[in-house]
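Reminder, nothing fancy here: chain letters follow the sequence lines and each chain counts from 1.
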2 protein chains.
Amino acid sequence: MTGSTVPVTAADETRPLRRDAQRNRERIIAAAHEVFATRGFAATLDDVAHHAGVGVGTVYRRFPTKEELVAAVFADRMQDVVALAERALATESAWDGLILLLTESVRMQARDRGLRDLLLTVDKSNLPALKGRVPELATAVIERARAEGTLRPDFEPTDLPMIFTMLSEVARTCGDIRPDAYERYLTLIIDGLRAGSARGDLGAPLTISCVQDALTKCVPPLEPRRR
Amino acid sequence: MTGSTVPVTAADETRPLRRDAQRNRERIIAAAHEVFATRGFAATLDDVAHHAGVGVGTVYRRFPTKEELVAAVFADRMQDVVALAERALATESAWDGLILLLTESVRMQARDRGLRDLLLTVDKSNLPALKGRVPELATAVIERARAEGTLRPDFEPTDLPMIFTMLSEVARTCGDIRPDAYERYLTLIIDGLRAGSARGDLGAPLTISCVQDALTKCVPPLEPRRR
DNA sequence: GTCAAGTTGAGGAATCACCTCCACTTGGAT
DNA sequence: ATCCAAGTGGAGGTGATTCCTCAACTTGAC
């Protein structure tokens with residue numbers, strides 16, 4: 001889907017790519033998807049080039065910055081996330097919607113670390129635009145479940161990225177041997193999320209800016225250091 | 001405690017250090033404690049030297065490897081952990097013991113990333129010896145709570161390090177702004193740990209070797225790469 | 001006063017990511 | 001068939017970072 005054959009990046013006057021160049025562009029995107037999936041944004045453009053079987057120069061010519069490559073790679077995947085969030089908001093039971101959102105989005109992140117990095121990327125650059133309405137939808141899913149009385153009342157939307165952080169760390173470290181390990185801890189957390197389980201006091205919720213600051217420390221920077 | 005004034009590292013015939021050297025040794029250990037507390041094992045010996053106000057050469061002379069320095073720094077701290085685990089095993093209620101162990105050990109790790117790295121270090125080298133009976137004690141605490149019926153029966157000792165991993169990631173990323181952020185998620189997890197909360201199926205527990213493999217990926221290597 | 005023990009920190013070596021540049025190849029318009 | 005703008009490859013320069021040595025110097029203790 002969204003798979004238009006021609007340039008993606010908006011209103012540029014550029015003439016269509018030569019056939020071989022177009023082929024390479026697609027190879028690069030496919031390779032980048034794979035490489036990002038395992039190494040996340042920490043992957044280098046050199047990595048991508050080797051994986052794609054093209055020279056580094058070619059990658060840099062087509063995608064001068066890692067950010068542009070990321071945008072090209074994840075535009076489609078992001079649509080899947082949007083669709084998921086919409087489905088989650090449309091379930092009959094708000095609790096079921098929340099569980100759907102959690103299990104499926106964490107599963108996606110566990111399988112594709114690049115997607116995780118993108119979801120946890122905070123407003124640097126244009127990438128967040130890719131996320132579209134996802135944040136708002138996710139917040140709505142949480143608030144609906146809270147209103148329904150099935151989710152513990154002290155759970156906040158800012159907790160969602162932190163849960164992603166924790167579980168993706170499990171997925172990263174156990175990934176090679178037990179790709180499903182994160183499910184165990186997701187289940188544990190979900191059991192703590194039910195209104196009926198809430199016995200401890202969660203204390204003050206994290207502010208948005210606190211979470212943003214935290215996220216910058218768990219996603220590799222897209223730009224090289226200092227220049 | 002354990003604060004003997006002379007060399008720690010076993011039966012070497014070395015004559016006592018000169019007075020200035022002894023002073024420097026102590027400075028180095030104190031500085032290392034601070035530096036490890038914030039950067040964990042990722043801190044470099046150069047860092048430590050600068051912090052201690054001595055030349056790098058001095059650090060390398062006294063502690064040829066980072067491992068030796070770590071051992072010197074954390075011998076005492078580790079005793080605190082052993083004491084905690086013993087207290088946790090001695091509580092009247094097994095559940096209270098488990099909660100004590102969890103809250104206090106995670107708090108220690110949140111305050112001192114070096115301690116975290118050490119606790120999550122897997123048998124490379126001699127470091128695990130420092131941990132003494134901690135692993136066995138922790139296992140006993142968990143099994144006692146399970147037998148008591150207050151801890152969900154599908155929780156396993158191998159889950160403990162993974163919980164440490166998740167929460168220390170929160171502590172690391174939020175540490176500067178909200179050093180207590182991890183408490184929120186610890187509370188959430190504890191609420192999911194009660195036998196009464198267990199509704200989801202945790203699935204197959206992680207094997208010890210799986211956890212060991214995971215842990216190697218979340219502690220910076222003590223030795224430099226390749227040599 | 002002597003000198004072994006200790007100190008120092010500049011700097012060499014190794015690694016790594018980033019990215020440019022230019023000699024070479026190729027698609028496609030004519 | 002010819003031509004050349006577009007495209008390609010990848011060796012290698014740049015700069016950051018870490019590790020650790022070593023030779024000239026300082027100092028404690030006898």
Summarise protein proximity over nucleotides 21-30 of chain C in one line of letters, 5' to 3': B for base, S for sugar-phosphate only, - for none, counting protein heavy atoms closer than 4.0 Å.
-> -----BSS--
Do any N or O atoms from the side chain of Asp112(A) and from the backbone of Leu115(A) form a donor-acceptor pair under 3.5 angstrom?
-> yes
In whole Å, what is the span from the CD atom of Glu26(B) to the P atom of dG6(C)?
-> 14 Å
Of dG9(C), dA17(C), dT20(C), the nucleotide closest to the side chain of Val56(B) is dG9(C)
Rounded to whole Å, the CZ-P distance (Arg62(B) to dT8(C)) equals 11 Å
Taking the side chain of Arg39(A) as heavy atoms from C-beta outward, which of dT21(D), dA17(C), dC18(C) is closest to it?
-> dA17(C)
Does the Asp191(A) side chain pair with the main chain of Leu188(A), one donor and one acceptor, at a distance under 3.5 Å?
-> no
Backbone N/O of Leu119(B) and side chain of Lys131(B): donor-acceptor pair under 3.5 Å | yes
Tell me: CD1 of Ile28(B) to P of dT8(C), nearest whole Å?
-> 8 Å
Mark yes or no for whether Arg178(B), through its side chain, and Pro205(A), through its backbone, hold a donor-acceptor pair below 3.5 Å.
-> yes
Mind calculating the distance between CG (Asn24(B)) and C1' (dG28(D)) to the nearest angstrom?
-> 13 Å
Between the side chain of Asp117(B) and the main-chain N/O of Phe41(B), is any donor-acceptor distance below 3.5 Å?
-> yes
Thr44(A) side-chain N/O to Asp47(A) backbone N/O, donor-acceptor pair under 3.5 Å | yes
For the side chain of Asp159(B) and the backbone of Glu156(B), is there at least one donor-acceptor N/O pair under 3.5 Å apart?
-> yes
Tell me: CG of Leu69(B) to P of dC20(D), nearest whole Å?
-> 13 Å
Any idea which of dG9(D), dT8(C), dT20(C) is nearest the Tyr60(A) side chain?
-> dT20(C)
Does Arg113(A) reach the main-chain N or O of Ala42(A) with its side chain, forming a donor-acceptor pair under 3.5 Å?
-> no
Counting distance only, does the side-chain N/O of Arg184(B) pair as donor-acceptor with the main-chain N or O of Gly203(A) below 3.5 Å?
-> yes
Tell me: CZ of Arg61(A) to C1' of dC18(C), nearest whole Å?
-> 18 Å
Which sits closer to the 5' end of DNA chain D, Lys66(B) or Val54(A), going by the nucleotide each is nearest to?
-> Val54(A)
Counting side-chain heavy atoms from C-beta on, which of dG7(D), dC18(C), dT7(C) comes nearest to Thr58(B)?
-> dT7(C)
Let me know the distance between CZ of Arg27(B) and P of dT7(C), rounded to the nearest Å.
-> 10 Å
Positions of residues 46-53 of chain A (non-hydrogen atom under 4.0 Å from DNA chain C), listed by number = Asp46(A)
